[in-house]
Number of protein chains: 2
Amino acid sequence: MEIGNLHIDIEKVSHKTMADEVETKLLEYLKRKSFKPGDALPKEMELTAALGVSRNVLREALSRLRMLGLIETKKRRGMVLSSPDILGSMERVMDPLIIDDTTLQDIFELRLTLEMGLADILFLRKTKKDIEELEKIALQEKATRTKQNFRIKHEVDFHGKIYQMTGNRTLQRFQNMLLPIFGHLVNEEKVPIGGKVSHLDLVNLLKTGTREQFRQGMREHLEHHFQKLKK
Amino acid sequence: MEIGNLHIDIEKVSHKTMADEVETKLLEYLKRKSFKPGDALPKEMELTAALGVSRNVLREALSRLRMLGLIETKKRRGMVLSSPDILGSMERVMDPLIIDDTTLQDIFELRLTLEMGLADILFLRKTKKDIEELEKIALQEKATRTKQNFRIKHEVDFHGKIYQMTGNRTLQRFQNMLLPIFGHLVNEEKVPIGGKVSHLDLVNLLKTGTREQFRQGMREHLEHHFQKLKK
DNA sequence: AATTTTAATATGTAGGACATAAGTATTTAA
DNA sequence: TTAAATACTTATGTCCTACATATTAAAATT
């Protein structure tokens, strides 16, 4: 008899720790039972009994769910399910020095994609007041443009404001955590920012242009970033 | 003397547990020391000593970092830093029944934004082979379009393929976790999918059209979703 | 020198003990 | 009788000790 492809026939030994398994089981349990935020969960001792693990292991798993914002616990009252913070745990690990290069590149592209897709929501939600504030940022920038140190700050301020204008808090937070990554990947460049289309140009497009014109402007504004993308 | 605004003067009592603090301290420590993936970390006992907490508390914090993929541990060898999975923890909590409505809406918009921003990368990376596969999906859809049950599957297949064509694994995974949310928000609708621009139209735009034409087509394809966005 | 055996060590798991906060029941005082 | 003070109960938070287990390092054997 032939031996054949071993790692198809033999299941890889699971290096899973018990806390890992308990975590999975708890997540399954919460979803299967379709608990809603506010619902009370079983007590620790009941869970240890049901799962057949020590309180220690259980608490390591619960600690994870607590980090995800999935559960909240109070003394004596026990645990309740709560609405998780979907970005919270992502924020913790957003460090360009820790994340691998492929993912960094992916994130870079992700941000460009978002930036190009913003026009639709932006034109739906833009207000006169917001545009004025954006213009102020762009003008401030022009005044102090000589100083290299300020350039990054202005970049951040301007694009940050744009995301804020979408009224989408999640989008805003998301872009905020992408910033350090973006900064890390472009900080060595000495490319004069903006290219053909400056921030001020974008403001004007936002004021008087169409959605498509704005998008086209944004594309040209980001052109030198797109240039760097690999096929 | 005036009392004034209390909750500015008096710091809110921190309900933070020790595991929370240890987690923060560890994250700070890892970033400050600028450890790189592969570097060995101090042993549990050294950390308990340095932090002045029990091994139990420390392990609850470590358990979280382990979930984030930030650290890996092996018996006897200790712990090493590793490249975290930035989406992993997000995937765990992506459940439309648990996430609050505002965030759900945010996510919905986030996906639309991505979809509108895809054209640039798509036109950079599209290959003949991919387009053929996409066309196949679109044609298959046309053949079985009568059955309501298949509609969602086709939606998923088609748009999933598009994301895959970007060659961006993170983007792909991201869209994949957004799917259930999207599905949850639109499942009650009986709007005939596609509107003016069908999947097959999009394929043709991808084949012979320009980047901007494709984007315009995508916009019209998604038009009835955009219609639902609130100002 | 190569191989086997033994020892050492760091993490994984278990279980007991007590602290603490927050409800609940009971007693006390007006 | 009711309000306030007190004692009790309970579930989580923290600490500690002990031992299992895997894996590397050292020692012993051939």
Side-chain angles (χ1 to χ4, degrees), chain A residues 7 10-27 29-30 33 35 37-82 84, chain B residues 10-27 29-30 33 35 37-84:
Chain A
H7 74 98
I10 297 185
E11 197 180 341
K12 191 189 282 182
V13 54
S14 90
H15 281 301
K16 267 191 184 171
T17 167
M18 299 199 94
D20 289 329
E21 276 183 44
V22 170
E23 184 213 319
T24 323
K25 283 213 164 80
L26 286 177
L27 282 172
Y29 171 71
L30 294 180
K33 285 277 188 177
F35 283 114
D39 288 357
L41 304 180
K43 319 186 188 327
E44 285 185 358
M45 294 314 286
E46 294 170 345
L47 289 173
T48 56
L51 292 161
V53 296
S54 75
R55 193 162 161 237
N56 226 323
V57 166
L58 174 72
R59 281 185 61 84
E60 286 188 20
L62 288 176
S63 176
R64 300 180 182 185
L65 304 195
R66 221 170 287 129
M67 178 181 64
L68 296 176
L70 203 61
I71 61 176
E72 282 171 5
T73 66
K74 277 181 184 168
K75 292 200 174 184
R76 167 81 209 229
R77 271 189 59 187
M79 298 180 279
V80 295
L81 193 70
S82 63
Chain B
I10 297 184
E11 199 179 341
K12 191 189 283 181
V13 53
S14 88
H15 279 302
K16 267 190 182 171
T17 168
M18 300 201 91
D20 290 329
E21 276 184 44
V22 170
E23 183 211 321
T24 325
K25 284 214 163 79
L26 286 178
L27 282 171
Y29 170 71
L30 293 180
K33 286 277 188 177
F35 283 113
D39 288 356
L41 304 179
K43 321 189 186 323
E44 285 184 358
M45 295 313 286
E46 294 170 347
L47 289 173
T48 56
L51 291 161
V53 296
S54 76
R55 191 162 162 237
N56 227 322
V57 166
L58 174 73
R59 281 185 61 85
E60 285 188 21
L62 288 176
S63 175
R64 301 180 180 185
L65 304 195
R66 221 170 286 130
M67 177 181 65
L68 295 176
L70 203 60
I71 61 176
E72 282 172 4
T73 66
K74 277 182 184 168
K75 293 200 175 185
R76 166 80 210 233
R77 266 188 64 187
M79 298 180 278
V80 295
L81 192 70
S82 62
S83 284

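Throughout, protein chains are lettered first and strands after them, A, B, ... in sequence-line order, and every chain is numbered starting at 1. All heavy atoms count here, side chains included; hydrogens, waters and symmetry mates do not.
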Going through the distances and angles, do B:Ser63 and A:Arg64 end up as a side-chain hydrogen bond (donor to acceptor under 3.5 Å, both in side chains)?
CA-CA 7 Å; B:Ser63 175; A:Arg64 300 180 182 185; 2.6 Å; yes

Mind listing the closest non-hydrogen atom pair of [X] and [Y] along with its distance?
X: B:Pro42; Y: B:Tyr29; value: CG-OH, 3.6 Å
X: A:Glu44; Y: A:Leu58; value: O-CD2, 3.4 Å
X: A:Leu27; Y: A:Leu65; value: CD2-CD2, 4.0 Å

Q: Taking only Lys NZ, Arg NE, NH1 and NH2, and the carboxylate oxygens of Asp or Glu, determine whether A:Glu72 and A:Arg66 approach each other closer than 4.0 Å.
A: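 No, A:Glu72 and A:Arg66 are not salt-bridged.
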
Within the structure provided, determine whether A:Leu47 and A:Leu26 are in side-chain contact (heavy-atom separation under 4.5 Å).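 Yes - at least one pair of side-chain heavy atoms lies under 4.5 Å apart.
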
Whether each nucleotide of nucleotides 4-12 of chain C has a protein heavy atom under 4.0 Å at its base (B), only at its sugar-phosphate (S) or at neither (-) is summarised, 5' to 3', as ----BBBBB

*Can you give the first and last nucleotides of DNA chain D, 5' to 3', that have an atom under 4.0 Å from a heavy atom of chain A?*
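Range of nucleotides touched by chain A: D:dT9 to D:dT14.
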
Item checked: side-chain contact (heavy atoms from CB on, under 4.5 Å) partners for B:Lys25, two or more places apart ->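 B:Lys25 satisfies side-chain contact (heavy atoms from CB on, under 4.5 Å) with B:Glu21, B:Leu51 once adjacent residues are dropped.
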
